[in-house]
Novice: 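Here it is, the structure, as structure tokens.
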Amino acid sequence: QVQLVESGGGLVQAGGSLRLSCAASGRTFSSYAMGWFRQAPGKERNFIATISRSGGNTYYADSVKGRFTISGDNAKNTVYLQMNNLKPEDTAVYYCAAKQTQYRDRRYLRNSDYEYWGQGTQVTVSS
């Protein structure tokens with residue numbers, strides 16, 4: 001099993017940037033595909049980005065393409081979400097998730113695909 005802890009959230013003005021981190025503890029971090037999701041108040045949790053087990057394939061929701069970048073550092077057991085040109089509609093609690101998989105390059109976009117979740121970090125973008 002793996003435990004996930006998000007950090008890096010905070011308050012930022014529109015147009016600004018933040019980098020979220022997701023630190024993982026447990027065994028075989030490299031055996032997991034990773035994802036980022038977000039949930040605004042009163043709304044469902046939505047997919048925003050994923051990275052394959054190999055780190056070679058990524059995929060983004062249309063709402064964040066060109067602005068957000070997901071990456072991983074296996075040596076640090078950490079996955080990142082670089083968020084640029086933030087907008088007020090990006091305000092949400094951001095969650096890191098992990099899915100154990102044997103597929104090196106497969107990407108996962110559904111909430112139900114992931115077995116492990118962090119507790120979230122708040123991102124607030126002011127106008």
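Along the sequence shown, the residues carry numbers beginning at 1. This one's a predicted model, so the numbers in the text were calculated from it and none came from an experiment.
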Novice: Which heavy atom of Trp117 sits nearest to which heavy atom of Asn111, and what is that distance?
Specialist: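 Shortest heavy-atom contact: CZ2-O, 3.5 Å.
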Novice: Say whether, by atom type as modelled, one donor and one acceptor occur between the side chain of Thr91 and the main chain of Thr124 under 3.5 angstrom.
Specialist: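 Looks like no, no N/O pair under 3.5 Å.
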Novice: With the 4.5 Å side-chain cut-off for hydrophobic clustering, are Phe47 and Val64 part of the same group?
Specialist: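 Hydrophobic grouping puts Phe47 apart from Val64.
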Novice: Backbone N or O of Cys96 within a donor-acceptor pair of the Glu6 side chain at under 3.5 Å?
Specialist: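 Judged by distance alone, yes, a pair lies under 3.5 Å.
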Novice: Evaluate the side chain to side chain contact (heavy atoms under 4.5 Å, CB included) criterion for residues Ile51 and Tyr59: first the C-alpha distance (whole Å), next the side-chain angles of each, then the deciding distance (0.1 Å), finally the verdict.
Specialist: CA-CA 7 Å; Ile51 186 167; Tyr59 191 81; over 6 Å; no
Novice: List the steps, then state whether side chain to side chain contact (heavy atoms under 4.5 Å, CB included) holds for Thr121 with Leu20.
Specialist: CA-CA 8 Å; Thr121 185; Leu20 305 183; 4.0 Å; yes
Novice: First locate atom OG1 of Thr101, then atom CD of Glu115, and finally report the distance between them rounded to the nearest 0.5 Å.
Specialist: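 So the gap between those two atoms works out to 8.5 Å.
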Novice: Search all heavy atoms of Tyr32 against all heavy atoms of Ala98 and return the closest pair with its distance.
Specialist: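 Smallest heavy-atom distance, with atoms named: CD2-CB, 3.9 Å.
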Novice: What about the rings of Tyr95 and Phe37, do their centers lie closer together than 6.0 Å?
Specialist: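 So the answer is no for these two rings.
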Novice: In Å, rounded to the nearest 0.5 Å, how long is the span from OG of Ser52 to NZ of Lys99?
Specialist: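 Those atoms lie 13.5 Å apart.
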Novice: Could you list the donor-acceptor pairs under 3.5 angstrom formed between side-chain atoms of residues 79-87 and any protein atom two or more places apart in sequence or on another chain?
Specialist:
unit_1	atom_1	unit_2	atom_2	d
Gln82	NE2	Asn84	OD1	3.0
Asn84	OD1	Ser17	OG	2.9

Novice: Is the shortest heavy-atom distance from the side chain of Gln119 to the side chain of Leu4 under 4.5 Å?
Specialist: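 The answer is no, as the side chains (C-beta and beyond) never meet within the 4.5 Å cut-off.
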Novice: Under 4.5 Å between any side-chain heavy atoms of Tyr60 and Ile48, yes or no?
Specialist: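 When only atoms from C-beta onward are counted, Ile48 and Tyr60 do not touch, as no gap falls below 4.5 Å.
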Novice: Taking the side chain as C-beta and beyond, is there a heavy-atom pair between Ser127 and Glu89 under 4.5 Å?
Specialist: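 They are not in side-chain contact.
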Novice: More than 12 heavy atoms of other residues, nucleotides or ligands under 6.0 Å from NZ of Lys76: yes or no?
Specialist: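 Not buried by this count: 12 neighbours or fewer within 6.0 Å.
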Novice: Please report the interatomic distance CZ(Arg38) to CD(Glu44), rounded to the nearest 0.5 Å.
Specialist: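 Going from the CZ atom of Arg38 to the CD atom of Glu44 covers 14.0 Å.
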Novice: Carefully, step by step, assess Gln100 and Tyr114 under the rule side chain to side chain contact (heavy atoms under 4.5 Å, CB included).
Specialist: CA-CA 8 Å; Gln100 189 175 47; Tyr114 293 87; over 6 Å; no
Novice: Contact between Thr50 and Leu109 at the side-chain level, heavy atoms closer than 4.5 Å - yes or no?
Specialist: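 In short, these two side chains touch, coming nearer than 4.5 Å.
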Novice: Can you check side chain to side chain contact (heavy atoms under 4.5 Å, CB included) on Met34 and Ser71, steps first, answer last?
Specialist: CA-CA 9 Å; Met34 304 295 295; Ser71 62; over 6 Å; no
Novice: Looking at Gln102, is its backbone amide N or carbonyl O close enough to the side chain of Arg106 to form a donor-acceptor pair, meaning the two atoms are under 3.5 Å apart?
Specialist: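 A pair under 3.5 Å: no.
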Novice: Locate the shortest heavy-atom distance separating Ala92 from Ala40; write the atom from each residue and the value.
Specialist: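 Of all heavy-atom pairs spanning Ala92 and Ala40, the closest is CB-N, 3.8 Å.
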Novice: Can you name the nearest heavy-atom pair linking Tyr108 to Tyr103, along with the distance?
Specialist: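 Scanning both residues completely, I find the closest heavy atoms to be OH-CD1, 3.8 Å.
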Novice: For the residue pair Ser31 and Arg53, what are the closest heavy atoms and their distance?
Specialist: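 Shortest heavy-atom contact: CA-NE, 3.7 Å.
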